[in-house]
Amino acid sequence: MDSQTVTRFPPSPSGYLHLGGARTALFNWLYARHTGGRFVLRVEDTDVSRSTKESVAAILEALEWLGIDWDEGPYFQSQRFDVYKAYINRLLASGNAYYCTCSAERLEKVRQEAMQSGGKPKYDGNCREKGLEWREGAVVRFKAPLTGTTLVSDRIRGHIAFDNTELDDFIIQRSDGTPTYNLAVVVDDITMNINTIIRGDDHLNNTPKQIQLYEALGCEVPCFAHVPMVLGPDKTRLSKRHGAMSVTAYRDMGYHPEAMVNYLVRLGWSHGDQEFFTRDELVEKFNLEHVGRSAGVFDQEKLLALNAEHIRAASNEALAERLIPFLSEKGIEAAPGDYLYDVIETIKNRSKTFVEMAEAAAFYFVEHVTYEEKAASKFLKPAILAPLKEITEALEQTEGLDQETLEPIFQRVMDAHGLKLGKIAQPMRVALTGKTFSPGIFEMIRVLGKAAVVSRLKDAIGYIESHHLTIS
RNA sequence: GUCCCCAUCGUCUAGCCCGGUCCAGGACACUGGCCUUUCACGCCAGCGACAGGGGUUCAAAUCCCCUUGGGGACGCCA
């Protein structure tokens with residue numbers, strides 16, 4: 001008997017991996033890693049009509065991006081029908097299940113009546129004692145206990161008692177012979193030795209049914225931990241209505257997976273006042289004790305802030321790797337190397353996403369700068385012509401481009417014209433980047449290099465001269 | 001309708017289990033200021049919450065009950 005923790009993540013491949021699912025996956029993965037246990041990936045595709053290969057691929061891709069790896073699987077329920085069949089037969093043989101031939105119409109009527117009389121819409125047990133044999137179109141129902149209570153012991157919620165009269169004889173095998181969710185999960189969790197089930201609390205109501213199944217099968221009930229759900233800003237369950245909610249959509253919007261992981265885990269779990277966590281720290285500190293009990297609203301603003309923080313904290317090399325695809329998206333082919341790293345160093349504090357970072361980096365990679373209209377008209381004016389020329393000449397002469405070398409040059413020009421740095425920095429900025437905001441002048445000069453700076457300065461001088469000659 | 005869960009700033013949360021150290025702490029957002037060659041970053045300050053009502057107690061955000069509010073589940077989906 002091994003006491004190792006075994007958790008699992010069982011996505012249903014009927015769409016992409018959304019934020020709530022990602023968080024559940026993360027909790028399970030983190031808990032397994034934290035305890036030195038195993039993490040199993042299982043694809044729940046018993047509903048063949050809704051499951052697609054594309055969804056499976058999308059989910060795996062999202063997990064990979066998040067850095068979630070698994071020790072076993074992915075298993076596919078669709079390939080395990082014979083296993084479920086065996087367990088269903090066991091239940092049938094032990095008298096814990098029976099065939100039911102009630103029509104959909106009858107079932108619907110029974111539900112309506114139950115609702116009407118102020119009760120829960122559940123099956124009335126019509127076929128329960130009929131001792132029916134199999135026949136075309138029959139389903140198999142679980143013969144649930146009629147009296148007593150089923151106790152759920154939850155790591156997060158404590159003990160929850162369900163009155164068995166609230167539960168009914170749910171279907172475990174459809175008329176087409178395939179197993180239903182509750183049966184399949186239980187059988188899988190048993191056969192895969194899953195002993196810790198961490199999932200959304202929308203499954204809390206399924207838990208007593210599943211416990212009854214474990215008991216009927218004579219198997220040990222695993223440990224449950226129902227985590228609160230993730231809600232949209234309107235406080236309802238996260239859905240397509242809330243805009244981007246696929247994990248990969250955030251990747252494409254320029255989010256760092258470490259930030260996504262940090263945010264998702266922190267939404268529902270806490271470690272005192274700490275907000276920023278690296279993946280390793282999460283593995284080290286994550287536990288079930290500090291998972292909260294109330295649902296949390298997904299806050300994109302906070303994710304964004306955290307993303308900026310993770311970008312600032314990352315190394316230029318690591319950032320470069322993630323930035324390159326966003327650069328190519330803009331038609332910029334940059335390779336890892338000192339130039340890129342230096343570029344990143346100047347913009348990492350000003351970028352909240354990789355999309356922003358690519359935008360901020362663009363000017364470093366163009367031959368000729370394109371001026372923003374307002375920027376040019378405001379700063380590239382004749383008054384600045386002489387200072388710009390002097391700086392250009394001085395730069396052409398100079399060797400080093402470090403701040404100690406640059407400052408005296410600027411100082412001399414400033415003194416000569418009675419200008420403050422601000423007066424000269426803005427035109428310079430426009431000349432070098434085309435915009436009115438950018439990294440610091442001195443750092444840009446150093447990164448761009450003498451040739452590029454001089455060339456851009458000359459472009460700007462030419463621009464001013466041509467505009468003013470024609471106008472005046 | 002029935003059952004289950006939940007309830008601290010706008011949002012994420014610390015504190016609650018083991019009542020007093022909490023006229024409630026942190027973060028995001030917002031506002032103001034500092035720094036300053038722009039934009040950021042950073043720093044400082046401000047705004048802002050124990051859902052309501054009853055108990056228990058010398059003392060309750062913390063324990064109990066009720067109300068209200070929110071969420072979820074009731075399917076031959078998962």
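A, B, ... follow the sequence lines: proteins, then strands. Residue 1 opens every chain.
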Distance between the [atom1] atoms of [N] and [M], in whole angstroms?
N: B:A49; M: B:U37; atom1: P; value: 39 Å
N: B:U67; M: B:C3; atom1: P; value: 12 Å
N: B:G19; M: B:C77; atom1: C1'; value: 46 Å
N: B:A59; M: B:C22; atom1: C1'; value: 13 Å
N: B:G53; M: B:A60; atom1: C1'; value: 15 Å
N: B:U13; M: B:U8; atom1: P; value: 9 Å
N: B:G10; M: B:G52; atom1: P; value: 13 Å
N: B:G69; M: B:C35; atom1: C1'; value: 46 Å

*Indicate whether the side chain of A:Arg80 and that of A:Thr191 have a donor and an acceptor atom separated by less than 3.5 Å.*
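Distance-only check passes for A:Arg80 and A:Thr191.
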*Does the side chain of A:Glu108 come under 3.5 Å of the side chain of A:Gln112 through a donor N or O and an acceptor N or O?*
yes
Need one value for [X]: base, sugar-phosphate or nothing, where a base atom within 4.0 Å counts as base even if backbone is also close, heavy atoms only.
X: A:Glu166; value: sugar-phosphate
X: A:Thr236; value: sugar-phosphate
X: A:Pro439; value: base
X: A:Val297; value: sugar-phosphate

_For A:Glu289, is the CD atom crowded, meaning more than 12 foreign heavy atoms sit under 6.0 Å from it?_
yes
*Has the side chain of A:Asn28 got a donor or acceptor atom that lies under 3.5 Å from a matching backbone atom of A:Thr24?*
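Present.
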*A:Arg279 side chain to A:Glu258 backbone, donor-acceptor under 3.5 Å*: no
_Distance, nearest 0.5 Å, that separates NE2 of A:His256 from CG of A:Leu319_ = 7.5 Å
_Whether A:Arg429 engages the ring of A:Phe379 as a cation-pi pair (distance to the six-membered ring centre under 6.0 angstrom, angle to the ring normal within 45°) should be assessed._
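Because its charged atom misses either the 6.0 Å distance or the 45° angle limit, A:Arg429 does not stack over A:Phe379.
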What is the pairing partner of [N], taking Watson-Crick or G-U wobble pairs with both distances under 3.5 Å in any strand?
N: B:G42; value: B:C34
N: B:A73; value: B:U2
N: B:G19; value: none
N: B:A7; value: B:U68

*When the nearest nucleotide of RNA chain B is assigned to A:Met115 and to A:Asn205 on a heavy-atom basis, which residue is associated with the more 5' position?*
A:Met115
*Earliest and latest nucleotide of RNA chain B, 5' to 3', sitting under 4.0 Å from a non-hydrogen atom of chain A?*
B:G1 to B:A78
